[in-house]
**Student:** 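I am attaching a structure below and will ask some questions about it afterwards.
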Amino acid sequence: MFFSLSKIVGFFVVPSNAVAMLCALGAALLLTRFRKSGSRVLTVGIVLLLVCGYSPLGNLLLLPLTERFPAWSAAGRTPDGIIVLGGSIDPERSQARGSLEMDASAERIITMLQLARRYPQARIVFSGGSANLIQEPVPEAPIAGDLLQDFGTEASRIVLEGDSRTTAENAEFTRKLVSPKPGERWLLVTSAFHMPRSIGAFRKAGFDVEAYPVDWRTRGWSDATMPFMTLSAGLARTDVAVHEWIGLIAYWAAGRSSELFPGPRKLN
């Protein structure tokens, strides 16, 4: 229920869809006796479209998320396990084309392969089912598992979790699957903007992990005033940021996160 509701609500609240529907409403009202109201609604929609698409709004919303957790430090003993969250592979397209097809979060996969080679004793866990609400679900995990073996990772080190559809399920199912022992060091690899919600979900599930953020999307706070050169790029950045902020609030309200805006803390 939570998964379906999050997908449906998420479709309507992301700025690009919300603005498009607002403009469509305004255009429809122009054809009725409410032309004056329709003109106002359409004007608001166009202004919002330009603000979301060309202004630095997307970066301003994204930066507090991406800068919440610093880059991982290799200081200390080597990790016992590395968890990589799904969301970087397009499983339906990969299946249809018979080849690995990735999306804008491909850094998660690249980092997974790098860490698997750097820490040859660590278990590599890929957690990712299918978040497709309409089409036949195809999980990401088996595709990631094949890729790891193609790059020389021993099958005995690979743990695949292919049932999760949400970040909360990533955390819950992974903890049950690997049964982490006290004192073990586990890394969590996901996009920097997604890290606060992911850490909150893992803490709620009782699994202490260290953040290994990737896929930063910006250079840092220097991009806070940087406008976008294309409407599509700005809308995409704003969509990602708004979706993640809504996710943080929804997870906290539903009791699926340890806190509203999780941040770094020293592990015991």
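None of the values given here were measured: they were computed from a predicted structure.
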**Student:** To the closest 0.5 Å, what do you measure between NZ (K204) and OG (S258)?
**Tutor:**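 Those atoms lie 8.0 Å apart.
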**Student:** With rounding to the nearest 0.5 Å, note down the distance linking OG in S198 to CG in L85.
**Tutor:**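 Taking OG in S198 and CG in L85, the distance rounds to 5.0 Å.
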**Student:** Test of understanding: clusters of I, L, V, M, F, W, Y form through side-chain heavy atoms closer than 4.5 Å, transitively. Do F126 and V159 belong to the same one?
**Tutor:**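 Different clusters.
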**Student:** What distance do I110 atom CD1 and D215 atom CG have between them, rounded to the nearest 0.5 Å?
**Tutor:**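 Between I110 CD1 and D215 CG, I get 10.0 Å after rounding to 0.5 Å.
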**Student:** Report the residues that fulfil side-chain contact (heavy atoms from CB on, under 4.5 Å) with E92, sequence neighbours left out, ordered by chain and then residue number.
**Tutor:**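 E92: side-chain contact (heavy atoms from CB on, under 4.5 Å) contacts with D90, S130, N132, Q135, V138.
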**Student:** Rounded to the nearest 0.5 Å, what separation is found between the CD atom of E140 and the CG atom of L160?
**Tutor:**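 So the gap between those two atoms works out to 11.5 Å.
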**Student:** What's the shortest heavy-atom distance between L260 and W252, and which atoms?
**Tutor:**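 Residues L260 and W252, closest heavy atoms: N-CD1, 3.3 Å.
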**Student:** So which of L115, V209, V125, I124 actually passes side chain to side chain contact (heavy atoms under 4.5 Å, CB included) with V189?
**Tutor:**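 Only one of L115, V209, V125, I124 forms a side chain to side chain contact (heavy atoms under 4.5 Å, CB included) with V189, namely L115.
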**Student:** With distance as the sole test, does T238 use its side chain to make a donor-acceptor pair with the main-chain N or O of G234 at under 3.5 Å?
**Tutor:**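 Looks like yes, one N/O pair under 3.5 Å.
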**Student:** Can you check side chain to side chain contact (heavy atoms under 4.5 Å, CB included) on I109 and L147, steps first, answer last?
**Tutor:** CA-CA 9 Å; I109 296 297; L147 182 66; 3.4 Å; yes
**Student:** Please list, one pair per line, the donor and acceptor atoms closer than 3.5 Å that link side chains of residues 54-73 to other protein atoms, with sequence neighbours excluded.
**Tutor:**
| unit_1 | atom_1 | unit_2 | atom_2 | d |
| --- | --- | --- | --- | --- |
| S55 | OG | V51 | O | 2.4 |
| S55 | OG | L57 | N | 3.2 |
| N59 | OD1 | R237 | NH1 | 2.5 |
| N59 | ND2 | D223 | O | 3.1 |
| T66 | OG1 | L63 | O | 3.3 |
| R68 | NE | P262 | O | 3.1 |
| R68 | NH2 | F261 | O | 2.8 |
| W72 | NE1 | E210 | OE1 | 2.9 |
| S73 | OG | A75 | N | 3.3 |

**Student:** Would you please test L188 and M195 for side chain to side chain contact (heavy atoms under 4.5 Å, CB included) and show each step?
**Tutor:** CA-CA 9 Å; L188 179 65; M195 189 60 76; 4.1 Å; yes
**Student:** Identify whether the distance between the nearest side-chain nitrogen and carboxylate oxygen of R203 and E259 falls below 4.0 Å.
**Tutor:**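 Result for this pair is yes, salt bridge flagged.
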**Student:** T166 side chain to E169 main-chain N or O, any donor-acceptor pair under 3.5 Å?
**Tutor:**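 Answer holds: yes.
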**Student:** Please say whether more than 12 non-hydrogen atoms of neighbouring residues, nucleotides or ligands are located less than 6.0 Å from CH2 in W245.
**Tutor:**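 Above 12, so yes.
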**Student:** Within 45 degrees of the axis of the six-membered ring of F207 and under 6.0 Å from its centre: does R175 put its NZ or CZ there?
**Tutor:**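 The answer is no, since R175 fails at least one limit relative to F207.
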**Student:** Atom CD of residue position E184 - does it have more than 12 heavy atoms of other residues, nucleotides or ligands inside 6.0 Å?
**Tutor:**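 Yes, enclosed.
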**Student:** Are I143 and L177 in one and the same hydrophobic cluster, where Ile, Leu, Val, Met, Phe, Trp and Tyr link if side-chain heavy atoms are under 4.5 Å apart?
**Tutor:**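 No; tracing contacts between hydrophobic side chains, which count when under 4.5 Å, never links both residues.
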**Student:** Are the side chain of S16 and the backbone N or O of L235 linked by a donor-acceptor pair below 3.5 Å?
**Tutor:**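 Flag not set: sc S16 to bb L235 has no pair under 3.5 Å.
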**Student:** For a side chain to side chain donor-acceptor pair (under 3.5 Å) check, start with the C-alpha distance between E161 and S127, then their side-chain angles and the critical distance, and finish with the verdict.
**Tutor:** CA-CA 5 Å; E161 186 285 296; S127 177; 2.5 Å; yes
**Student:** Taking all non-hydrogen atoms of both residues into account, name the closest pair between I82 and A122 and its distance.
**Tutor:**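 Where I82 meets A122 most closely, the heavy atoms are CD1-CB, 4.1 Å.
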**Student:** Any side-chain heavy atom of T78 within less than 4.5 Å of one from Q121?
**Tutor:**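 Heavy-atom side-chain distance check fails, nothing below 4.5 Å.
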**Student:** How far apart are the closest heavy atoms of A192 and W216, and which atoms are they?
**Tutor:**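 Distance-wise, the nearest heavy atoms are CB-CE3, 3.5 Å.
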**Student:** Give a yes or no answer on whether the side chain of Y119 reaches the backbone of D80 with a donor-acceptor pair at less than 3.5 Å.
**Tutor:**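 Answer holds: no.
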**Student:** So, are R97 and E101 salt-bridged, with charged N and O less than 4.0 Å apart?
**Tutor:**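 No, no charged N to carboxylate O under 4.0 Å.
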**Student:** Could you walk me through whether R108 and T190 satisfy the side chain to side chain contact (heavy atoms under 4.5 Å, CB included) test, starting with their C-alpha distance in whole Å, then the side-chain angles of each, then the deciding distance to 0.1 Å, before giving a yes or no?
**Tutor:** CA-CA 6 Å; R108 302 185 195 184; T190 190; 3.3 Å; yes
**Student:** Mind listing the closest non-hydrogen atom pair of A168 and A201 along with its distance?
**Tutor:**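 That closest heavy-atom pairing would be CA-CB, 4.1 Å.
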**Student:** Is there a donor-acceptor pair under 3.5 Å between the side chain of S105 and the backbone N or O of S88?
**Tutor:**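 No: the side chain of S105 does not pair with the backbone of S88.
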**Student:** Look at the side chain of T32 and the backbone N and O of F34, then say whether any donor-acceptor pair between them is shorter than 3.5 Å.
**Tutor:**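 Side chain of T32 to backbone of F34, a donor-acceptor pair under 3.5 Å: yes, one is there.
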**Student:** R185 side chain to R77 main-chain N or O, any donor-acceptor pair under 3.5 Å?
**Tutor:**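 Judged by distance alone, yes, a pair lies under 3.5 Å.
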**Student:** Look at the side-chain heavy atoms of Ile, Leu, Val, Met, Phe, Trp and Tyr, link any pair under 4.5 Å apart, and say whether V19 and M21 land in one connected group.
**Tutor:**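 Different hydrophobic clusters.
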**Student:** Counting only heavy atoms not in R93, do more than 12 sit closer than 6.0 Å to its CZ atom?
**Tutor:**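 Enclosed: over 12 neighbouring heavy atoms sit under 6.0 Å from CZ of R93.
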**Student:** Taking all non-hydrogen atoms of both residues into account, name the closest pair between L148 and A116 and its distance.
**Tutor:**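 Shortest heavy-atom separation between L148 and A116 comes out as CD2-CB, 4.2 Å.
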**Student:** How far apart are the closest heavy atoms of P139 and G162, and which atoms are they?
**Tutor:**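 Nearest heavy atoms, P139 then G162: CB-O, 3.6 Å.
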**Student:** Taking atom CE of M112 and atom CG of L187, what is their separation to the nearest 0.5 Å?
**Tutor:**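 Going from the CE atom of M112 to the CG atom of L187 covers 14.0 Å.
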**Student:** Got a second to check how far R256's CZ is from R197's CZ, nearest 0.5 Å?
**Tutor:**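 Result: 11.0 Å between the selected atoms.
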**Student:** Out of curiosity, does V242 fall in the hydrophobic cluster containing L22 (side-chain heavy atoms, cut-off under 4.5 Å, transitive links)?
**Tutor:**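 No.
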**Student:** Please say yes or no: joined through hydrophobic side-chain contacts below 4.5 Å, possibly via intermediate residues, are W186 and V84 part of one cluster?
**Tutor:**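 In one cluster with W186: V84, no.
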**Student:** Under the criterion side chain to side chain contact (heavy atoms under 4.5 Å, CB included), I'd like the reasoning laid out for S94 against I89: C-alpha separation, chi angles, the key distance, then a yes or no.
**Tutor:** CA-CA 8 Å; S94 295; I89 297 173; 3.9 Å; yes
**Student:** Do the non-hydrogen side-chain atoms of I83 and F202 ever get within less than 4.5 Å of each other?
**Tutor:**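 Yes. Closest side-chain heavy atoms under 4.5 Å.
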**Student:** Between D163 and K176, does the salt bridge (charged side-chain N to carboxylate O under 4.0 Å, His left out) criterion hold? Intermediate values first, please.
**Tutor:** CA-CA 12 Å; D163 294 325; K176 291 179 180 179; over 6 Å; no
